[in-house]
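Accompanying notes for the structure given below.
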Protein chains: 2
Amino acid sequence: MKRGNINFNIIFRVLGSLLFIEAFFLMLALLVSLIYGEDDKIAFLITIGIASSIGLISRLITSNKKKEIGKREGYIIVSFVWVVFSFVGSLPFILSGYIPNLTNAFFETMSGFTTTGSSILNDIEALPHGLLFWRSIIQWMGGMGIIVLSLAILPILGIGGMQLFSAEVPGPVPDKLHPRVTETAKRLWLIYVVFTIAETTLLLFGGMDLFDAVNHSFTTMATGGYSTKQASIAHWDSAYIQYVIILFMFIAGTNFTLAYFGFKLKFKKIIHNEEFRYYLGFILLISIVSAIVLYNTSNLGIEKSFRDSLFQVVSLITTTGYATADYLKWFPFIITILFISMFFGGSAGSTGGGIKFMRIVLLMKNSVAEFKRLIHPHAIIPVRFNHSTVKPQIITNILAFIVLYVSIFVGGTIVMSAIGLDLQSSMGAVITSLGNVGPGLGEQGPAGNFYNVPAIGKWFLSFLMLVGRLELFTVLILFSPSFWKK
Amino acid sequence: MKRGNINFNIIFRVLGSLLFIEAFFLMLALLVSLIYGEDDKIAFLITIGIASSIGLISRLITSNKKKEIGKREGYIIVSFVWVVFSFVGSLPFILSGYIPNLTNAFFETMSGFTTTGSSILNDIEALPHGLLFWRSIIQWMGGMGIIVLSLAILPILGIGGMQLFSAEVPGPVPDKLHPRVTETAKRLWLIYVVFTIAETTLLLFGGMDLFDAVNHSFTTMATGGYSTKQASIAHWDSAYIQYVIILFMFIAGTNFTLAYFGFKLKFKKIIHNEEFRYYLGFILLISIVSAIVLYNTSNLGIEKSFRDSLFQVVSLITTTGYATADYLKWFPFIITILFISMFFGGSAGSTGGGIKFMRIVLLMKNSVAEFKRLIHPHAIIPVRFNHSTVKPQIITNILAFIVLYVSIFVGGTIVMSAIGLDLQSSMGAVITSLGNVGPGLGEQGPAGNFYNVPAIGKWFLSFLMLVGRLELFTVLILFSPSFWKK
């Protein structure tokens with residue numbers, strides 16, 4: 001790799017240009033605000049003005065030459081676009097006065113973009129429709145990825161787009177739907193839009209009104225978890241609605257490449273995909289165990305025990321974070337397995353956060369292989385996945401990822417308890433942020449929120465959300481001194 | 001490796017012969033019992049009879065031919081010797097009626113041999129001196145290792161001794177004090193005995209009586225943590241005694257090879273040892289942080305805050321498990337860092353349990369290297385330790401170890417919470433057992449004990465103690481079907 005100076009010109013130019021995309025989505029929220037005629041429209045107008053102005057200025061003061069986006073520029077752009085979008089995206093909350101505090105507004109917005117779904121709101125339903133819609137739409141943008149979206153709709157990223165794509169969608173083993181990265185991005189977004197429309201339709205059938213149906217489809221497909229209701233999905237005491245949402249959370253947690261096969265009716269490819277089988281099997285196993293324990297330790301009926309278990313398990317494993325019950329009041333064993341589920345995340349190539357099933361499965365397979373290597377020291381024992389041998393470099397990279405993930409979890413827990421949270425709440429807050437899940441443990445659990453976390457803690461958790469969303473390396477590499485050396 | 005049938009003849013013969021060593025140590029406890037003239041002497045006599053009889057029978061019914069101890073026989077002997085010793089070692093507790101229940105007696109004994117130090121006793125001081133001494137001596141035997149002890153004093157293990165040695169002392173990078181394994185074992189035990197005598201002498205100077213001084217020296221040097229007093233080391237409100245014990249816990253947690261250098265006055269080798277520097281630095285860092293927080297959140301003085309912090313930190317990091325305070329009542333932040341310290345363990349080649357500093361340091365260095373590899377994909381970036389390059393196989397093995405360690409921690413937490421413990425107590429019980437530490441969290445904390453854990457949980461935790469003491473692979477490999485295949 002040729003290493004010259006970092007090209008800040010292109011970084012500013014791209015970051016600025018991307019703000020036009022945010023401005024476009026802000027206009028959709030403004031439209032909702034105008035339809036309902038509520039008091040948040042001025043806030044949206046001002047924010048749109050600010051976003052467009054920054055975008056324009058960045059294009060005027062930067063030069064159009066030297067368009068190459070290198071590896072390092074890619075990491076910088078991808079990390080910063082999420083930060084810039086979150087700052088700008090927090091303005092409607094601040095300017096409307098509904099979340100006047102910058103820390104809280106930034107936390108809420110970063111939590112949205114990263115599809116974490118942790119909230120500082122004590123009364124969600126007090127927000128006007130425009131702001132509620134904005135909360136959902138930032139999750140939807142973040143779900144499939146801001147860069148992936150930009151690649152799909154903006155021609156300007158054509159050169160160096162692959163750098164950006166792989167920095168935002170690192171994944172252990174990259175899947176490409178098309179040799180051209182812009183085509184891949186378009187297909188991913190198309191699948192995403194189709195599913196979102198499908199869910200909206202099914203929710204409307206179930207009697208949900210259009211506004212709630214659209215919002216929940218946005219935040220389900222993003223595995224985000226923001227709801228328009230304080231009681232989250234428990235607000236709708238309808239088995240139909242809850243099963244529809246379970247189904248789409250499940251879909252959102254699968255690799256979108258598989259959905260592409262599904263559209264092409266290649267179902268065999270889905271069924272034979274190893275990650276999918278582990279993902280499905282694990283969800284069923286955990287849900288059934290949880291349902292049995294819940295049924296025997298509560299006064300709920302069989303169907304309700306099963307549905308509540310399945311809902312929370314799918315919600316936490318896919319890192320969506322909706323709730324239909326305050327599961328922290330369930331039998332301790334269920335809390336333990338749900339807590340552990342928060343580490344898993346969805347499949348690679350899904351909108352889910354967490355470690356991802358593929359990494360965990362490869363890790364387990366490597367551990368088994370390590371035992372065999374101990375017994376047969378001279379044999380070559382490869383790790384196999386989807387019927388092919390996994391390269392040792394990928395295993396090493398996954399091991400490094402997991403070690404780093406656990407180290408950040410441990411270090412983060414230390415930081416949060418230094419801020420004053422107890423051990424269990426600290427662990428919950430850190431894993432829910434790093435894994436982009438949403439609810440934590442204790443006061444930050446499904447029945448509570450993050451309002452009382454000290455400001456420094458909110459900034460730290462926001463940082464963890466970003467680190468987790470971009471799968472660690474993309475953000476953390478910026479803290480390596482050798483990254484900035486010529 | 002030639003793989004025939006597993007040679008069960010040699011396994012039975014060796015296991016039986018080793019019981020004579022246990023019988024010898026039982027005689028020491030009997031001697032103490034006779035000196036104090038208490039009611040536990042018959043229990044020791046019967047146990048000595050049983051141990052010797054099994055030893056004799058095993059020599060009579062097995063043949064003296066085919067003496068070769070292969071790799072697999074080595075793993076089986078080492079794993080089972082700890083189980084057999086624990087069953088036999090629990091007999092004095094059962095037969096004397098002081099711990100009539102087999103589950104409790106086995107838990108107490110396995111906890112002793114593995115130097116965990118978790119107890120089921122509600123009133124330690126109710127035990128007669130012989131049993132108290134037996135509790136300490138099983139820790140002392142287990143500390144340096146039953147096999148290492150046997151190699152040092154029994155000629156019969158000469159052939160295949162290396163197999164046994166490396167199965168009991170796996171360590172990431174083996175240190176040998178002498179090319180012959182029996183000589184290495186003798187030197188290790190000599191150092192161990194010298195330190196034990198030194199500590200006893202210093203404790204006597206501090207006014208501790210001979211019985212307590214010997215017992216505590218045994219359990220300090222073993223990083224075991226059994227005390228003869230219900231209040232553990234808090235019983236002696238003497239700064240001198242507590243600092244002496246801190247010093248020897250610290251020594252017991254260092255690599256014994258360094259002590260060997262110390263005896264040869266090669267102090268530079270100690271100071272330049274990287275693991276030692278991290279070990280010392282980490283202890284100081286954590287202790288000082290804890291002391292500052294403790295000083296500011298309690299009404300203790302500066303010296304007492306420092307001493308209490310240093311004591312618990314050294315006790316938990318070296319996996320000894322003594323206590324001079326109920327630290328679970330301290331500020332939550334301290335509980336978090338103490339809990340995390342329980343994962344560390346001492347240095348490789350020490351009597352401490354846990355993951356070991358060398359593994360953690362190499363892991364961190366590899367993570368840093370992984371970042372550099374990401375920035376410079378074509379450069380070869382090795383991991384260096386003690387001024388030499390670490391082979392990739394060692395890194396892979398350590399990664400597999402850590403992954404397995406964390407998986408067992410997670411799996412164990414699930415099991416314990418299925419048994420009915422809450423999340424925090426489950427985590428505490430599992431890490432304290434797996435890391436051979438002693439106290440857990442919650443009811444199993446430093447002020448409590450394991451009496452109320454259900455029987456199935458006690459057996460499971462005993463199993464984890466053994467798995468942790470033999471550094472995972474030696475025990476777990478026996479569960480691999482391919483281990484038993486011809």
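Each chain gets a letter, A, B and so on, in the order the sequences are listed, and its residues count up from 1.
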Problem set entry | Pairs of heavy atoms under 4.5 Å with chain A: top-ranked of B:Ile414, B:Ile402, B:Val406 | B:Ile414
Exercise. With B:Phe357, which of B:Phe344, B:Tyr278, B:Phe343 fulfils ring pair (Phe, Tyr, Trp, His ring centres under 6.0 Å)?
Worked result: B:Phe344
Exercise. Between A:Lys365 and A:Arg384, is there a donor-acceptor pair closer than 3.5 Å when you use the side chain of the first and the backbone of the second?
Worked result: yes
Problem set entry | Best-contacting candidate, B:Pro332, B:Gly420, B:Ala418, against chain A by heavy atom pairs under 4.5 angstrom | B:Ala418
Problem set entry | Any donor-acceptor pair under 3.5 Å from A:Glu73 side chain to A:Asn7 backbone | yes
Exercise. Given A:Phe479, which of A:Phe473, A:Phe463, A:Tyr75 fulfils the ring pair (Phe, Tyr, Trp, His ring centres under 6.0 Å) condition?
Worked result: A:Phe463
Exercise. Are any side-chain N or O atoms of B:Arg359 and backbone N or O atoms of B:Phe401, one a donor and one an acceptor, separated by less than 3.5 Å?
Worked result: no
For this session: Go through the atoms of B:Ser480 and report whether side chain, backbone, both or neither lie under 4.5 Å from a heavy atom of chain A.
Result: side chain
Seminar exercise, completed: Which of A:Ile398, A:Thr396, A:Asn397 passes side-chain contact (heavy atoms from CB on, under 4.5 Å) with A:Ile394? Answer is A:Ile398
Exercise. Chain A heavy atoms under 4.5 Å from B:Met364: which part of the residue, side chain, backbone, both or neither?
Worked result: side chain
For this session: Would you please go through residues 421-434 of chain B and name the residues with a non-hydrogen atom below 4.5 Å from one of chain A, in numerical order?
Result: B:Leu421, B:Asp422, B:Leu423, B:Gln424, B:Met427
Exercise. Should we say atom CG of B:Leu284 is surrounded by more than 12 heavy atoms from elsewhere, each under 6.0 Å from it?
Worked result: yes
Exercise. Where on A:Ile340 is there a heavy atom nearer than 4.5 Å to chain B: the side chain, the backbone, both, or neither?
Worked result: side chain
Exercise. So which part of A:Val403 gets closer than 4.5 Å to some heavy atom of chain B, the side chain, the backbone, both or neither?
Worked result: side chain
Problem set entry | Largest heavy-atom contact set with chain A, pairs under 4.5 Å, which of B:Leu363, B:Ile335, B:Ile395, B:Val368 | B:Leu363
Exercise. Should B:Asn366 and B:Leu362 be marked as a side chain to side chain contact (heavy atoms under 4.5 Å, CB included) after you check the CA-CA gap, both sets of side-chain angles, and the distance that decides it?
Worked result: CA-CA 6 Å; B:Asn366 186 58; B:Leu362 284 175; over 6 Å; no
Exercise. So which part of B:Ser367 gets closer than 4.5 Å to some heavy atom of chain A, the side chain, the backbone, both or neither?
Worked result: side chain
For this session: Give a yes or no answer on whether the side chain of B:Trp330 reaches the backbone of B:Ser290 with a donor-acceptor pair at less than 3.5 Å.
Result: no
Problem set entry | side-chain contact (heavy atoms from CB on, under 4.5 Å), paired with B:Leu464, selected from B:Val415, B:Val475, B:Ile408 | B:Ile408
